[in-house]
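Note sheet for the following structure.
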Amino acid sequence: MPKSKSKAEHRNPGRQPFDPLVSFKKDVRQAFERADQEDQSAPQMQAAYSLASVAVMHLLTAIGEEELGHRFQALSEAFHDLRMGTVAPLFKPPTSSGKRGQKNDRSALWRVRAKVCMGVRLLEEGGLEQQDAIKHVLKYRKEFQRIQRTGSELSTAVKNWVKLFQTFAVSDAAASSDYKDFLNDIPGVRAHLSGDQRIDFGKLFIKGAAGEARKLV
């Protein structure tokens, strides 16, 4: 026996049922497309993340996680306040401990540095010495100025990053985790990729990292 139509289908037979995931993807895409069409300045990106957080809130609410949705509503409001010049408690840095020294670098910088180090490691796996591998990084000197500290030489900075990641001394947890996941894939790289292929992938990693560095705000 054919299934009877719902009342909603009788009222509007051409209307598709509401899909919260489809709506979520559309709203997030539009939020960032709007920012990409502008100058990608910090205020524009803050507005984009505010709208994207609202989309997350709506998705969570639609699947019955209203309490979790409220958390993303607070995040959206904090981004909006920041764009208007007010720093919400959520974005306030911890108070200084009184110790002198350099501030910790942003997570976004360490994420790109991790990718650089992955590229260097792949080049080394392909048979290059570290100093020769780093020469491929220096081809993107302009882009990587964004992720090195003022006054440092890029080649020296890359050597330091590589050492920090290899000894698991990176303070940024997310970047360190990404690099550890990469190291877990090294046995597979050795088993399935030739030396030339490893070098090609290493170059791609470094090129990709340069592209990410270029987009940093």
Side-chain angles (χ1 to χ4, degrees), residues 32-49 82-83 91 93 99-190 192-217:
F32 288 104
E33 283 178 350
R34 191 174 303 144
D36 290 342
Q37 290 169 1
E38 301 293 336
D39 56 5
Q40 287 193 331
S41 63
Q44 290 291 346
M45 296 307 296
Q46 288 157 4
Y49 279 106
L82 191 62
R83 182 170 180 253
F91 288 152
K99 296 180 181 179
R100 302 176 67 182
Q102 290 181 311
K103 295 181 180 179
N104 290 328
D105 290 330
R106 294 184 295 144
S107 291
L109 303 186
W110 280 112
R111 169 173 50 81
V112 179
R113 289 169 183 170
K115 197 162 188 175
V116 170
C117 294
M118 293 174 196
V120 170
R121 177 61 183 269
L122 285 169
L123 293 175
E124 291 178 311
E125 290 290 331
L128 297 187
E129 296 292 332
Q130 186 181 97
Q131 61 183 13
D132 293 323
I134 291 176
K135 288 178 182 178
H136 289 279
V137 179
L138 301 183
K139 294 178 181 178
Y140 302 95
R141 194 182 295 272
K142 181 180 178 180
E143 288 83 352
F144 291 135
Q145 283 179 348
R146 293 171 173 262
I147 66 169
Q148 66 184 101
R149 285 184 168 175
T150 303
S152 64
E153 170 56 40
L154 181 57
S155 59
T156 303
V158 175
K159 289 178 183 178
N160 290 336
W161 301 338
V162 168
K163 182 178 179 180
L164 287 171
F165 277 107
Q166 288 182 345
T167 57
F168 308 111
V170 173
S171 59
D172 188 89
S176 182
S177 177
D178 286 346
Y179 191 79
K180 288 177 183 177
D181 289 342
F182 164 77
L183 289 182
N184 290 335
D185 292 333
I186 289 297
V189 168
R190 292 172 178 168
H192 301 293
L193 298 182
S194 67
D196 287 344
Q197 288 174 322
R198 298 173 199 178
I199 289 175
D200 287 342
F201 272 105
K203 291 178 180 178
L204 284 175
F205 265 73
I206 292 169
K207 183 178 181 180
E212 291 183 24
R214 197 179 300 118
K215 295 177 182 178
L216 289 174
V217 294

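Throughout, numbering of the chain's residues begins at 1 and tracks the sequence. On a predicted model such as this, the values are computed, not experimentally measured, just so you know.
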Gap between atom NZ of Lys115 and atom CD of Glu212 - 0.5 Å precision: 4.0 Å

What's the separation between atom CG in Asp172 and atom CG in Leu164, rounded to the nearest 0.5 Å? 11.5 Å

Tell me if a side-chain donor or acceptor on Arg146 pairs with a main-chain N or O of Leu216 at a distance below 3.5 Å. yes

Report the C-alpha separation of Glu153 and Arg141 in whole Å, then their side-chain angles, then the decisive distance to 0.1 Å, and conclude whether the salt bridge (charged side-chain N to carboxylate O under 4.0 Å, His left out) test is met. CA-CA 10 Å; Glu153 170 56 40; Arg141 194 182 295 272; 3.2 Å; yes

Locate the shortest heavy-atom distance separating Gln148 from Ala157; write the atom from each residue and the value. CB-CB, 4.5 Å

Which heavy atom in Leu138 sits nearest to a heavy atom in Ser155, and how many Å separate them? CD2-N, 3.9 Å

Answer yes or no: does atom CD of Gln131 have more than 12 heavy-atom neighbours from other residues, nucleotides or ligands under 6.0 Å? no

What I'd like to find out is whether the side chain of Ile199 reaches to under 4.5 Å of the side chain of Leu122, using heavy atoms alone. no

Check whether any side-chain heavy atom of Leu128 sits under 4.5 Å from a side-chain heavy atom of His136, and report yes or no. yes

Residue pair Val112 / Ala209: nearest heavy atoms and the distance that separates them: CG1-O, 3.4 Å

Phe205: which residues meet the ring pair (Phe, Tyr, Trp, His ring centres under 6.0 Å) condition with it, sequence neighbours left out? none

Quick one: are Trp161 and Ile147 in side-chain contact, heavy atoms under 4.5 Å? yes

So NZ of Lys159 and CD of Gln130: to nearest 0.5 Å the spacing works out to 7.0 Å

Salt bridge (charged side-chain N to carboxylate O under 4.0 Å, His left out) between Asp105 and Arg113: does it pass, once the steps are laid out? CA-CA 11 Å; Asp105 290 330; Arg113 289 169 183 170; 2.9 Å; yes

Determine the minimum heavy-atom distance between Ala175 and Trp110, stating which atoms define it. CB-O, 3.5 Å

For the pair Lys135 and Glu129, find out whether any cationic side-chain nitrogen is under 4.0 Å from an anionic carboxylate oxygen. no

Report yes if the side chains of Gln44 and Ser41 come closer than 4.5 Å at any heavy-atom pair, otherwise no. yes

Heavy-atom closest pair (Gly119 atom, Ile206 atom, distance to 0.1 Å) is CA-CG1, 3.9 Å

Working for side chain to side chain contact (heavy atoms under 4.5 Å, CB included), residues Phe168 and Leu183: CA-CA 11 Å; Phe168 308 111; Leu183 289 182; 3.9 Å; yes

Indicate yes or no: at least one non-hydrogen side-chain atom of Tyr179 is less than 4.5 angstrom from one of Arg121. yes

Residue pair Leu123 / Arg198, side-chain heavy-atom distance below 4.5 Å: no

Please identify each residue that fulfils side-chain contact (heavy atoms from CB on, under 4.5 Å) with Gln197, with sequence neighbours left out. Leu193, Ser194

Flag the pair Ile186 / Phe182 as yes when at least one side-chain heavy-atom distance between them is below 4.5 Å, and no otherwise. yes

Across all chains, not counting sequence neighbours, the side-chain contact (heavy atoms from CB on, under 4.5 Å) partners of Tyr49 are Phe32, Met45, Phe79

Could you check if a side-chain atom of Leu109 sits within less than 4.5 angstrom of a side-chain atom of Arg106, using non-hydrogen atoms only? yes

Classify the ring geometry of Tyr140 against Phe144: parallel below 30°, tilted from 30° to 60°, perpendicular beyond 60°. perpendicular

Shortest non-hydrogen contact from Ala133 to Glu124? CB-CG, 4.5 Å

